[in-house]
Each structure stands twice: as structure tokens, then as C-alpha cells.
> 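Take a look at this one; I'll ask things after.
Residue numbers start from 1 in every chain, and the chains themselves are labelled A, B, ... in the order their sequence lines are given, proteins ahead of strands.
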Amino acid sequence: MAKKQTAQPQNLPSEDEAKFVEDLADKDDFSAWYHDIVRKAELADDSPVRGCMVIRPYGYALWEAVQRGLDMRIKATGHENLYMPLFIPMSFFEREAEHVEGFAPELAVVTVGGNEKLTEPLAVRPTSEAIFGHFYAKWVQSYRDLPLLYNQWANVVRWEKRTRPFLRTSEFLWQEGHTAHRTEEDAEQETLKILHEVYADFVEKELAIPLLRGQKSDSERFAGALRTYCIEAMMGDGKALQAGTSHNLGQNFAKAFNIQFLDEDGQRKLVWTTSWGASSRLIGALIMTHGDQYGLRLPPKVAPIQVVVVPIWRKEAERVIVQEAVDSLLQELTAAGVRAKSDWREQTPGYKFNDWEMRGVPIRLEIGPKDIEKNQVIMARRDNRAKAGIARETVLSELNRTLEEIQQNLFNQALDFRKSRTYQAANFTELSEKFADREKLGFVETWWCGSADCEAEIKAKLQATIRCLPFEKSVKAKSGTCVYCGKPADKWAIFAKAY
RNA sequence: CGGGGCGUAGCGCAGUCUGGCUAGCGCGCAUGCUUUGGGAGCAUGAGGUCCCCAGUUCGAAUCUGGGCGCCCCGACCA
């Protein structure tokens, strides 16, 4: 579990420690631990409507960091943002058979407006392929109009049976990209480009979450897609979380919405479309990947506050001196582009230390009279909770160096954890064993024959599913025997329990 | 949608079995003083439709019936 990764805290009276961590230290209850962090770090609050959530400022700041990171990459790969309406006529929605079947159980439908029954019910979008399809049919005439590379930032609604803050809520925030291409190859290239250059790049480099990249099995494929690609991450309890998906929709939606163009050769042809999305779920991934018994641990690149300065003083005369030192330090940091903040609340320093650790701020600086005398500041890192004095002149350079180190360290710790919880299984008995111990849950790599029946049987018996068929196999062999039926198999699959 | 648990102050809970005075405790909150280098102390104070409706009773947080909501475990999903 993530909590175990943390280095032993230093310079701490043990009984105080015990008192503080009691709520978060219960290793058997990852779910309670998660909810506790969400509440205590003030990321979110419950809504009066079941399954919805209020994203509080600190949580929203994380979402803004996610938006910045993704939006930048989405635009850098040639896409433009637009906005499609929230309501979708039911008839639109019903055009693509597999699509409507896939989403029907979780649709919210508006039947009354302005006190009158609507002639046609409106679906609240659970995703926007249908409405994009409708407009793409209007906007595309010629091969010269292609590709259409659009993205929107929006909220969507899926009536979920079971919800969890950030991970699965009835309404959630996301971006959904929808593109239309001239050829199948173009669409396929787009699908993979998004997966690698937008999603994986952002999640690994900024959220510091190591990923597996691969393709979904048919049963996990998006309703209406030809192929679905995904990035999968391992959470602190060994379960898998899908962190982003990219779909090659083939010509399914082009057929359903009649999106045609006149090609160079004078022929009318159907376009090839893609769609891809990443959601506020990424914040859940961030919490469950890096969090420990003291709360959140945020990667510096996305931390709303990278450095918090806690002033320490006793008498008024000391406060004046300390304030001067803190102000000048803060000014220096801010000018250098560091997201820094000082904490002058009327609380004891100890309270503030714990509070900022709960919120995952990567670095804390402490400045008191003793430090000013020695011309130093105390620097405490959130990732390993190490604490040391550093010379005042070197603060900025030390800080920048340490922020980078923390960013890297969080990624490395998560990667090490995933490696330690990644197993292989040669047959069903071995596979079962890997999912028997809750304390050691993880990913299991094995051969699969490709049969949906084998997949379904495993799911029924072990509650484990194929998270992806990874692009990169960890074995050299090209084939083996299916973990369930024992027949020849050429698909290397990652099985896991999933969120 | 099945199985289990729970609804009492902002949060966490006791009280309910066995009906009875003005419904308590901890945390938090407000004010004041003393404090402040790993969750400070004392004092004073504010804060309640006891989930809702109906019933039983002289009297209901407590008993009965119905309803609603939340959490956990499963099946469905980003």
C-alpha cells in the first residue's frame, strides 16, 4: 500500500505521531483512507444529490493543473477547442446501435421543460459522439475539410450505481476530443498520438504516475468503437485505474450520422472518426498513487502550492523580524516563478506542519529567530519527510533542485511499487493465488487466447478483468498457453481488479 | 439492483434494549488571557425540526408501521 512507501519520519515524538495518524493509518481500509483525505485536504464535499460532488477550491486547483497540462498538449498536437450543447435529442443518440445500448442504462433524460412535457426527450450527454457526428456531417463536404481536430472541455452525466469522489461520480468533468479523418490510417495514427503524446506524456511527466499503455479487450472496448486504447495505472492498494482512453471509431459513427466527403478521386466516402477522453478521475489517481498515512503527496509540477513558508516566533519583537525575513523570501520565490505561500494563521507551528502535509504541499520552509541568526531556513520535504537547514543564499537553487527531485522520486516510488506488485501466472491456479491476498493485490501478466468466454469466466470467479493488452510485453515469447483454457494463446494480457 | 450497517449540534459519537425532569460527550467554532521549533492550556459562550410522516401512551430520541437518505460489500461503468 502507498503508505508503506514513506520513509520513517524523523525527529518526532512517537506518541504525538501516533495520535495524529490514527485516522489515516488504518491500512486495511483503503476506501476509508481515501474518503478521509478527500475530506480533510478539502478537495471535495458531498452534494445533496446522490452521486454528485462539490469540488472545493483546492481540489479544483488540481483540476485546473490537469486542464492546463492536457490542454497545452491537445493544442500542441493541432487540435482546437469548441463547445457542444449539454442536451442531445434521444433520436440522435439512438442512431448507433451499440453506442445506445452501451449507454442506455446510465442515461439521464429530460422529459419536461418549462412545465410542459417535451415532444422529444433530451438525453443529458454521457459523452458527445452523437452530437459531434451530427455536426460533422454538416461541416465535412470535401477531403479538403479533413481532418477535423476538435476537443471540448465539458461536464457529462452518467447515472452510476455506485459512486466515489473523483473516481466515479454521476456528473464529472472531462475533456473529450472528437476527430474526423480521410483514411483509416490517419484515424489510427490520431488515436495513438493522443494516447502517447497527450495522455501518457502528461500523466507520467506531470502527475508522476507510471503507466501501462495498451489496447482494451473487446469486452472493455468503448461502445461503438473499432478499437479502444488506454493508459492504466496501479493505485496504492494494487487495484488498476483507467486514466485515459482513446478510441478508433472506424466508420461506425460516420455511417450512423452519414458523415461523407467527396474525395480527390471524385468518390463519395465516409470519414473515419476518433474520440478520446480524460476526466477529473485523474485527481483520484493522483491521490491514490502518491498519498500516504499523512495525507496527500503532490508532484511539484501540479501542486497548487509548491512551497509553504511557516513562520515561527514567540514575542512580538521576534514576529517583526521573522515577518521581514519571510516577506523577502516569499518575494524572491514568487519572482522566480515558484508557487509559494506563507502561513500566518493563529495556529501553532505543529498544527500548520500537519495541515500542509495533509494537503500534500511538496516543500515546507520554516523560519524562526534561530534560523535568522544562523542565516538559514529549515526545509522539509513532503515526499520523504526529511528535514534540514539550508543556507539562506542557496534557498532558491536548493528549492528548484529539490522540487525536481521530489517530482522524480514520486514517480520512482510509484514505479517501484508497481513492479513489486506485478506478477505472472502460467495457469488459472496461479492466477487465482495472485488475487487471493488482499494485501498483495496487483497486476498479473499472462497469456490469453482471446476468447471472451475465458475472460468472462475469470471475471466471474476472481473479479479480475483484463485491463489491457500492453504494447510492450515483458516476455520475449510470441505465444504461450491461455491462462484459463490452456489452448494456444498469443495475447499477453494484464489482469487486475479495477476501479 | 441484491446483502449488511447507520441516521441525535459543523464533524465523530453516547443515550434507544428496559419510554420519564432542562438530551449529553469529544473535536471544531466565538471571545479573552497565557501560549507558539511536530496537531497548546485555562476560562466563558454560541450552536439541536434527536431523518420524515403517522400511530401507541399522561408522556416518545427511545415502542409500532410506513417512507426517505447515507455508508460498506457484490453485479454495471471514465
Side-chain angles (χ1 to χ4, degrees), chain A residues 9-23 29-32 35-36 39-40 45-51 102-107 126-127 155-164 166-176 199 216 219-223 228 230-232 240-247 275-285 294-295 310-316 318-319 322 343-358 364-372 377-378 380 385 387 389 456 459-460 463 465 497-499:
Chain A
Q10 297 148 20
N11 318 321
L12 291 171
S14 56
E15 63 256 43
D16 288 354
E17 184 82 7
K19 184 182 157 204
F20 170 64
V21 302
E22 60 191 354
D23 288 338
D29 199 343
F30 196 75
S31 172
H35 282 272
D36 225 27
R39 201 180 66 246
K40 288 187 174 169
D45 210 340
D46 294 329
S47 142
V49 175
R50 181 193 152 75
F103 279 101
E106 36 187 351
L107 270 193
T127 178
N155 58 337
V156 286
V157 170
R158 297 180 189 178
W159 219 252
E160 296 290 348
K161 303 255 197 283
R162 196 169 163 202
T163 60
R164 297 185 124 156
F166 295 110
L167 294 179
R168 176 166 299 105
T169 45
S170 289
E171 178 193 10
F172 60 93
L173 305 180
W174 76 344
Q175 59 68 218
E176 49 178 323
Y199 293 154
K216 284 292 186 192
S219 72
E220 300 274 332
R221 185 173 42 80
F222 176 76
T228 288
C230 62
I231 50 175
E232 294 281 331
L241 185 81
Q242 178 175 303
T245 47
S246 185
H247 317 290
S275 70
W276 25 276
S279 71
S280 39
R281 162 180 272 193
L282 284 172
I283 294 167
Y294 305 102
V310 177
I312 288 152
W313 82 94
R314 285 164 200 271
K315 302 167 205 142
E316 175 61 16
E318 289 176 341
R319 190 194 62 79
V322 169
D343 183 358
W344 288 95
R345 287 178 298 174
E346 292 179 29
Q347 243 100 22
T348 62
Y351 177 93
K352 294 175 186 174
F353 296 168
N354 290 299
D355 194 45
W356 292 113
E357 279 174 8
M358 173 62 67
R364 179 182 73 244
L365 298 179
E366 304 166 19
I367 301 185
K370 288 186 221 163
D371 303 308
I372 293 169
V377 303
I378 303 292
R385 303 195 3 120
K387 194 162 153 171
K459 184 174 181 180
Q463 286 86 50
T465 51
K497 298 202 177 191
Y499 274 99

> Separation of A/Asp45 atom CG from B/rC11 atom C1', in whole Å?
11 Å
> For B/rU62 and B/rC21, measure between their P atoms and round to the nearest Å.
13 Å
> Check the phosphate of B/rU36 against A/Thr348, side-chain N and O only, distance under 4.0 Å to OP1 or OP2. Yes or no?
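Answer is no, no contact under 4.0 Å.
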> Roughly how far apart are A/Lys216 NZ and A/Gln242 CD, rounded to 0.5 Å?
4.0 Å
> For residues A/Phe103 and A/Phe222, establish whether the separation of their ring centroids is below 6.0 Å.
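A/Phe103 vs A/Phe222: aromatic centres under 6.0 Å.
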> Are any of the side-chain nitrogens in A/Lys161 or A/Glu106 under 4.0 Å away from the carboxylate oxygens of its partner?
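A salt bridge is absent here (no side-chain N lies under 4.0 Å from a carboxylate O).
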> Which nucleotide in the list B/rG38, B/rU36, B/rG74 gets nearest to the side chain of A/Arg385?
B/rG38
> Please compare A/Lys161 and A/Ile312 by the position of their nearest nucleotide in RNA chain B and report the one closer to 5'.
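With A/Lys161 and A/Ile312 compared, the 5'-side residue is A/Ile312.
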> Specify the separation, in whole Å, of atom CZ of A/Arg319 and atom C1' of B/rG37.
18 Å
> Which sits closer to the 5' end of RNA chain B, A/Glu366 or A/Ala243, going by the nucleotide each is nearest to?
A/Glu366
> My understanding is that only residues two or more places apart in sequence, or in another chain, count here; which of them pass salt bridge (charged side-chain N to carboxylate O under 4.0 Å, His left out) with A/Lys497?
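For A/Lys497, no residue satisfies salt bridge (charged side-chain N to carboxylate O under 4.0 Å, His left out) once neighbours in sequence are set aside.
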> Is B/rU56 paired to anything, Watson-Crick or G-U wobble with both distances less than 3.5 Å, and if yes, which nucleotide?
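Across all strands, not a single nucleotide pairs with B/rU56.
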> Give the nucleotide from the list B/rG38, B/rC76, B/rU36 with an atom nearest to the side chain of A/Pro349.
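For A/Pro349, the side-chain atoms sit closest to B/rU36.
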> For the pair made of CD1 in A/Ile367 and P in B/rG37, what is the distance, rounded to whole Å?
16 Å
> Quick one: list whatever passes salt bridge (charged side-chain N to carboxylate O under 4.0 Å, His left out) with A/Asp343, sequence neighbours left out.
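With neighbours one apart ignored, the set is A/Arg345.
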> Does the structure show a Watson-Crick or G-U wobble partner for B/rC1, both distances under 3.5 Å? Name it, or say none.
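Checking every strand shown, B/rC1 finds its partner in B/rG74, with both distances under 3.5 Å.
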> Who is the Watson-Crick or G-U wobble partner of B/rA9, with both distances under 3.5 Å?
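Pair assignment: B/rA9 / none.
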> Take atom P in B/rC17 and the same atom in B/rC51, then report the distance between them in whole Å.
15 Å
> Determine the contact category for A/Lys315: base if any of its heavy atoms lies under 4.0 Å from a base atom, sugar-phosphate if only primed atoms, P, OP1 or OP2 are that close, otherwise nothing.
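No contact at all - A/Lys315 keeps every heavy atom at 4.0 Å or more from the nucleic acid.
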> Reckon A/Gly277 touches a base, only the sugar-phosphate, or nothing at all at heavy-atom distances under 4.0 Å?
nothing
> Tell me what A/Lys370 touches on the nucleic acid: a base, only sugar-phosphate, or nothing, going by heavy atoms under 4.0 Å.
base
> Base, sugar-phosphate or nothing for A/Thr169? Non-hydrogen atoms, less than 4.0 Å.
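Answer is base: heavy atoms of A/Thr169 come under 4.0 Å of a base.
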> Roughly how far apart, to the nearest Å, are B/rG2 and B/rG47 at atom C1'?
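Here B/rG2 and B/rG47 have their C1' atoms 41 Å from each other.
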> Suppose you measure atom P in B/rA30 against the same atom in B/rC72; what distance do you get, rounded to whole Å?
31 Å
> Ignoring hydrogens and angles, are the base of B/rG38 and the side chain of A/Glu357 linked by a donor-acceptor pair under 3.5 Å?
yes
> Tell me: NZ of A/Lys40 to C1' of B/rG10, nearest whole Å?
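Between C1' of B/rG10 and NZ of A/Lys40: 15 Å.
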> What does B/rG38 pair with, Watson-Crick or G-U, if both distances are under 3.5 Å?
none
> For A/Asp343 and B/rG37, give me the distance from atom CG to atom P, rounded to whole Å.
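Distance check: A/Asp343 CG to B/rG37 P gives 14 Å.
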> Who pairs with A/Thr348 by side chain to side chain contact (heavy atoms under 4.5 Å, CB included), at least two apart in sequence or on another chain?
A/Tyr351
> Regarding A/Arg364, tell me which of base, sugar-phosphate or nothing describes its non-hydrogen contacts under 4.0 Å with the strands shown.
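Here A/Arg364 touches the bases of the nucleic acid.
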> Please report the interatomic distance CZ(A/Arg39) to CE(A/Met358), rounded to the nearest 0.5 Å.
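Going from CZ on A/Arg39 over to CE on A/Met358, the span is 9.5 Å.
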> In whole angstrom, give the distance that lies between atom CG of A/Leu107 and atom P of B/rC76.
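Going from A/Leu107 (CG) to B/rC76 (P), I get 19 Å.
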> Between B/rA46 and B/rG7, how many Å separate the two C1' atoms, rounded to a whole number?
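After rounding to an integer number of Å, I get 25 Å for this pair.
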> Between A/Arg158 and A/Glu171 (salt bridge meaning N to carboxylate O under 4.0 Å), is one present in this structure?
no
> If I pick the P atom on B/rA60 and the same atom on B/rC53, what distance separates them, to the nearest angstrom?
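Pairwise P distance, B/rC53 against B/rA60, rounds to 14 Å.
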> Counting only Watson-Crick pairs (N1-N3 plus N6-O4 or O6-N4) and G-U wobbles (N1-O2, O6-N3), all under 3.5 Å, who is the partner of B/rA61?
none
> Looking only at atom C1', what distance separates B/rC63 and B/rC27, rounded to whole Å?
33 Å
> Looking for any heavy atom pair under 4.0 Å, which part of the strands does A/Leu167 touch: base, sugar-phosphate only, or nothing?
base
> Specify the separation, in whole Å, of atom NZ of A/Lys387 and atom C1' of B/rG38.
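From A/Lys387 NZ to B/rG38 C1': 6 Å.
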> Could you tell me the Watson-Crick or G-U partner of B/rC50, where both distances fall under 3.5 Å? Say none if there is no partner.
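WC or wobble partner does not exist here.
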> Say whether A/Ser31 and A/Arg164, considering side chains only, have a donor N or O and an acceptor N or O under 3.5 Å apart.
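Yes - a donor-acceptor pair under 3.5 Å links their side chains.
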> Return the nearest nucleotide to the side chain of A/Glu160; candidates are B/rU36, B/rC76, B/rA75.
B/rC76
> Could you list the residues that satisfy ring pair (Phe, Tyr, Trp, His ring centres under 6.0 Å) with A/Trp313, not counting sequence neighbours?
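Here the qualifying residues are A/Trp344.
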> When the C1' atoms of B/rG28 and B/rC11 are compared, how many Å lie between them, rounded to an integer?
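Each nucleotide's C1' atom is 7 Å from the other's.
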> Suppose we define a pair by two distances each less than 3.5 Å, Watson-Crick or G-U wobble; what does B/rG45 pair with here?
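Pair assignment: B/rG45 / B/rC29.
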> Report all interatomic pairs (protein N or O, nucleotide N or O of nucleotides 68-72 of chain B) with separations under 3.5 Å.
unit_1: B/rC72; atom_1: OP1; unit_2: A/His35; atom_2: NE2; d: 3.1

> Are any of A/Gln347's side-chain N or O atoms less than 4.0 Å away from OP1 or OP2 of B/rA40?
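Looking at the OP1 and OP2 atoms of B/rA40, neither is under 4.0 Å from any side-chain N or O of A/Gln347.
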> Sequence neighbours left out, what passes salt bridge (charged side-chain N to carboxylate O under 4.0 Å, His left out) with A/Glu176? Give chain and number order.
none
> Check every strand shown and say whether A/Phe222 touches a base, only sugar-phosphate, or nothing at a heavy-atom separation below 4.0 Å.
nothing
> Write down the partner of B/rA14 under the Watson-Crick or G-U wobble criteria, each distance required to be under 3.5 Å.
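Paired with B/rA14, as far as the under-3.5 Å criterion goes, is no nucleotide at all.
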> Just how far, in rounded Å, is C1' of B/rC27 from CG of A/Asp36?
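Interatomic distance, CG of A/Asp36 to C1' of B/rC27: 14 Å.
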